[in-house]
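Throughout, a chain's letter reflects where its sequence line sits, starting with A, and its residues are numbered from 1. When reading the values below, keep in mind they use all heavy atoms of this one structure, side chains included, and skip hydrogens, waters and symmetry mates.
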Amino acid sequence: MKNNNVIILLMVFLMMAIFNAQSVFAAKLEKVIIGHPAALSGKYAKAGEQAVAGIQAAVDWVNSVHGGIAVDGKKVPLDYKYYDCESRKESVTSLLERLITSDKVHFTFAPYSSGLTLAGAPIAEKYGMVYMDHGGASDKIFRQGFEYVVQTIGPGSRYHAGTLEMIKKIDPTTNPHPKKIALAYEDSEFARSVMDGAEEKAKELGFDIVFKRTYPKGVTDLTPLLSDLKAAAPDVVIGGGHFQDGQLLNKQMADLGINTRLLSLIAAATLPAFGEALGEFAEGVMGPSHWEYGVTFSKEGAAKEGLTWIGPSQDEYVKLFKKAVGSDTLPDYHAAEASAAVLALVLAVEKVNSVDPDVVRDALGELKFMSFYGNWDIDKTGKQVGHAMVDVQWQKGERKIVWPESAKTADVVYPKPDFK
Amino acid sequence: MMRHLQKYSPILPVLLAYGVLLGIGLAYPGKWQLIAQLAFYCALGQAFNLFMGMTGYVDFGYVAFLGVGTYGMAVSIYFLYDKGLGIGLIFIGLALAAVFSTGLSLAVGAVALRLRGAYFAIATIGVNEGFRYFVEGARIWNGADGMIFSRHLRKAVGRETAMTLSTQWADILVFGVAVLAAILTLVYMRNKVGYALTALREDEDAAKVMGINVTKFKIIAFITSAVLAGLLGASAWALKLTYVYPEDVFEIHYTVEAIIIVLLGGAGTLLGPIVGALIYGASKYFLAIVLPGFQLLIFAPIIIVIIVLFPEGTVGILKKKIRGTALEKFII
Amino acid sequence: MIFEQLSGNLLQGVILGGVYGMATMGLSLIFGVLKVVNVGHGAFIMVGAYVALILFQTLGIAPPLAVPVALILGMALGMLFYYTAIKKLLKGPELASLLATFSIGVILEEVCKQLFTSEARGYHWGLDKLDLGFTVLPYSKLIAFGGSILVGLLLYLWFHKTRAGMAMRSVVEDDEGAGVCGINVDWEYALSFSIGIGLTVVSGVLLTMFIPVGINPYMGGSYTLKAFVIAVLGGLASPYGAFFGGLVFGLIENGSYTLFAQIPGLEPFAMTRFFSFVMLLVILLIRPTGLLRTK
């Protein structure tokens with residue numbers, strides 16, 4: 001009988017926790033809240049943790065430096081509320097709705113990845129809530145006709161545009177060009193959209209695609225694919241998909257002695273752990289990134305382009321981020337793009353002096369600004385079109401920005417050194 | 001006639017439970033998604049229990065049926081949206097989901113149902129993974145690119161209807177699947193299928209010797225359970241979320257969730273999956289809110305403790321407690 | 001050209017397969033003795049990978065020397081989980097032990113995530129490599145392969161030449177009979193679970209010598225699935241069978257790639273996976289005792 005009592009008590013407790021209906025209706029705005037069903041565990045935990053800390057850093061900046069958000073003639077604090085959706089689609093919907101209906105958040109953020117962003121979109125649309133997409137790069141999200149989804153990460157199809165233009169421009173063997181490009185990438189919607197974009201761009205620039213193959217997620221050995229690739233003797237290899245497989249691809253290319261003029265890996269190569277894991281094999285490896293520590297966006301630069309500037313400088317940002325995450329971790333682009341999404345919201349709210357989602361959504365559509373993250377501008381579907389990517393390269397154990405020329409912190413090493 | 005119906009009285013508490021759940025959802029529209037998530041776990045547990053609970057066979061690749069069901073609905077909306085079928089698309093989708101899951105369950109049944117115990121569990125994992133890689137490798141239905149069909153649904157039925165379908169009717173369909181699964185479970189329990197499967201669960205070889213056509217009844221239960229999963233996938237994953245990626249739907253994790261739910265509630269009981277789903281879903285939701293990022297770390301040890309201390313599950317214990325009382329007729 | 005590629009792939013396949021085989025022996029041993037399928041298998045491989053990584057990065061210990069540490073840690077974990085959970089579930093339905101081992105895997109993953117974050121990490125040992133012309137083999141891979149064979153051999157000797165090993169075999173054959181003969185069956189169960197886990201953690205160390213990158217808390221899942229296929233190839237209940245199963249698996253996975261790559265419109269890599277699972281089903285159907293056993 002004792003057991004039963006405990007179980008009943010537990011159930012009552014749970015029910016109370018779930019239906020703690022907050023019936024306090026704020027008559028006037030005391031704070032602006034953003035809600036986020038974050039991916040803090042499960043397969044997207046790595047990017048999800050970065051995003052949460054990135055948002056916390058931006059919120060910290062807004063409250064401590066910016067002095068809050070100016071609405072209705074006074075500055076109100078910005079508040080951030082997040083739950084963990086475990087990277088699971090069915091949890092996104094219920095947590096998002098809770099944020100909207102019980103926590104009464106004013107704006108919502110999508111979890112990391114295109115899939116989870118899509119999972120929450122119908123709920124955000126139903127409640128007419130602005131839904132900031134900071135980690136869903138698929139172009140297809142913006143062909144669905146959603147009205148409240150606003151993207152900060154750049155669309156996947158443009159990841160390698162800069163890289164390929166760079167080769168075209170700097171390769172001394174202009175005639176004949178390094179014509180042969182191989183694409184070896186993870187079989188996922190994201191990597192596919194990146195590689196299809198790269199293929200299109202490469203063809204436009206007159207390159208030959210000599211190899212295009214995928215490998216499934218969770219792969220543990222790429223040898224057969226790479227021996228196949230080796231036989232195609234490419235000058236340039238573009239590939240990757242996520243963190244582990246990118247490391248594996250690089251390592252096994254080194255093992256098999258596949259040397260190319262350029263190796264560019266999405267996601268993996270832009271993270272600090274990459275150089276640590278691969279040591280000398282990382283030398284010269286590149287990766288396209290939305291943001292990288294060392295980019296040179298500044299208030300002055302914004303003024304020169306005639307754009308509004310908001311947010312911390314890069315160094316201030318890194319300090320805030322480290323404070324949020326509680327360790328010496330550097331932010332990567334997953335954090336930076338989430339932070340930039342917060343800054344965009346702040347600007348839009350202050351501009352229209354309202355937290356009404358429809359009004360703010362329209363303001364976001366008009367908005368163009370610059371922050372430490374770079375330019376921000378969306379088209380009418382909500383897709384990010386203003387943000388340009390940078391290319392990073394591993395040089396002597398450090399990540400350097402090598403492209404575009406206006407943002408570079410070091411000259412590109414090209415062709416990349418051979419694997420030892 | 002009354003007496004005949006009396007043996008179905010255990011359906012009453014089940015209907016009551018679903019009625020209350022649905023009622024709460026309708027009364028508090030702001031909690032609808034949570035109710036929907038709980039209903040999804042109920043339906044998942046109920047459908048899984050129909051085969052596993054009665055036979056003792058653990059189908060680890062069960063999620064494959066949800067996966068093909070999701071594809072059934074997705075294919076209907078994605079490819080037929082411009083044929084002017086309107087809301088008919090949904091019915092075609094459900095029909096396709098049923099067809100796909102029946103087809104797959106026949107194929108699996110022919111192979112795996114000859115195996116027992118761990119061999120069966122591993123074979124079904126193989127089916128799920130194999131099927132997923134086949135979809136990706138042979139680029140069936142866009143392969144790993146998946147299908148995103150929010151736009152298609154909207155074009156077919158209009159913006160408002162599409163939204164209601166995704167955020168409400170999909171969930172009501174899930175309730176429907178759960179109730180259907182419960183009713184079928186009870187009907188099987190009270191008929192030849194159930195008797196035969198009980199004999200099989202206790203001792204398969206003895207049942208065969210007794211002249212029971214074990215294979216036939218196993219396949220009936222297996223296909224029923226699979227079709228319910230297909231319908232569940234079509235509504236909870238396709239119609240509700242309006243996208244499908246193979247890696248997302250052929251994910252073994254969901255089978256594990258089904259097992260946890262059934263085990264928490266009590267395998268082979270009628271009411272068990274509901275109780276298990278409510279405990280599981282509510283605590284998962286609660287942990288996601290109070291301790292974001294730590295819920296698995298807390299949940300996994302609790303599950304081990306529960307399996308070790310209460311292997312019969314909540315309803316299993318309850319059944320023992322009420323033996324000989326008037327409630328006995330209603331709780332099975 | 002294609003033959004050169006194929007032979008290179010096959011050689012790589014054998015070496016990888018040896019390591020995979022070793023990584024499956026623990027699973028088969030536990031199933032053979034306790035009839036428990038360890039669904040959390042991959043998580044123990046992950047633990048082994050972290051052992052190699054941490055020892056190398058913090059103390060500069062070469063990966064092969066991490067093996068004893070991994071063995072001791074693994075056996076300790078095995079004992080811990082046996083006495084806290086597995087022991088009580090042996091007589092219960094399959095469902096209970098499947099769920100328990102799965103949950104153990106989740107616990108390990110989440111603990112490692114808290115300890116080491118979810119960052120994918122790796123180490124750089126920097127050994128030289130052997131160029132054979134048609135393919136290149138780093139020495140670390142060869143050491144991993146040699147280590148796997150050695151571990152397999154030691155296990156064989158232990159089973160056949162020591163009293164403790166023979167006692168364990170008698171439990172596999174007939175646990176009641178063994179009990180009558182004065183063998184402490186419960187202890188044999190505990191010991192085999194612990195050795196099985198120890199072997200699995202060791203295999204994690206060896207696997208990092210093959211692939212020293214991409215180490216993260218959730219890396220185990222794909223190894224669990226591979227291990228199931230390999231274990232079935234080898235007859236599920238036999239650790240040596242598993243070793244040969246691994247070799248066959250490595251050959252098939254790497255060999256079939258080259259063949260699938262000839263068919264246009266397919267993604268050959270995903271098809272090799274598909275093929276290996278089809279094989280799993282076929283073998284379960286026609287020869288559930290495994291490919292290599294005569295009985």
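No other option in C:V36, C:V229, C:L225 has as many heavy-atom pairs under 4.5 Å with chain B as C:L225. Contact count versus chain C (heavy atoms, under 4.5 Å) is highest, among B:V135, B:I122, B:V127, for B:I122. For the set B:V256, B:I252, B:I125, the count of heavy-atom pairs under 4.5 angstrom toward chain C peaks at B:V256. Between chain C and the options B:A112, B:P311, B:G117, B:G293, the largest number of non-hydrogen pairs under 4.5 Å is found for B:G117. With chain B as partner, the option from C:V282, C:L236, C:I263 having the largest number of non-hydrogen pairs under 4.5 angstrom is C:L236.
Of the inter-residue distances, the one linking C:L95 atom CG with B:L263 atom CG reads 4.5 Å to the nearest 0.5 angstrom. Between the CD1 atom in B:I260 and the CZ atom in C:F102 there is a gap of 7.0 Å [rounded to 0.5 Å]. Summarising the geometry, atom CD1 belonging to C:I104 is positioned 4.5 Å from atom CD1 belonging to B:I304; distances are rounded to the nearest 0.5 Å. One finds the CD1 atom of B:I307 at 4.0 Å from the CG atom of C:L99 (value rounded to the nearest 0.5 Å).
Looking at B:V308, the atoms closer than 4.5 Å to chain C (heavy atoms on both sides) sit in the backbone and in the side chain alike. Both the backbone and the side chain of B:L296 come within less than 4.5 Å of a heavy atom of chain C. Heavy-atom distances place both the backbone and the side chain of B:P301 under 4.5 Å from chain C. For C:F31, the part lying under 4.5 angstrom from a heavy atom of chain B is the side chain only.
For the pair C:V37 and B:A118, the tightest heavy-atom approach, listed with the atom from each and the gap, is CG2-CB, 3.3 Å. Between B:L115 and C:L284, the closest heavy-atom pair is CD2-O, 3.5 Å. The shortest non-hydrogen separation linking B:L297 to C:I107 is CD1-O, 4.3 Å. Here the shortest heavy-atom pairing between C:V106 and B:A300 reads CG1-CB, 3.8 Å.
Counting heavy atoms from C-beta on, the side chains of B:F60 and C:V39 come closer than 4.5 Å.
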Kindly provide each donor-acceptor pair between chain C and chain B shorter than 3.5 Å, listing atom names and distance.
| residue | atom | partner | partner atom | Å |
| --- | --- | --- | --- | --- |
| C:E267 | N | B:G137 | O | 2.7 |
| C:R273 | NH1 | B:Y133 | OH | 2.8 |

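Applying the ring-ring contact (aromatic ring centres under 6.0 Å, His included) test to C:F228 and every residue at least two apart in sequence or in another chain returns nothing.
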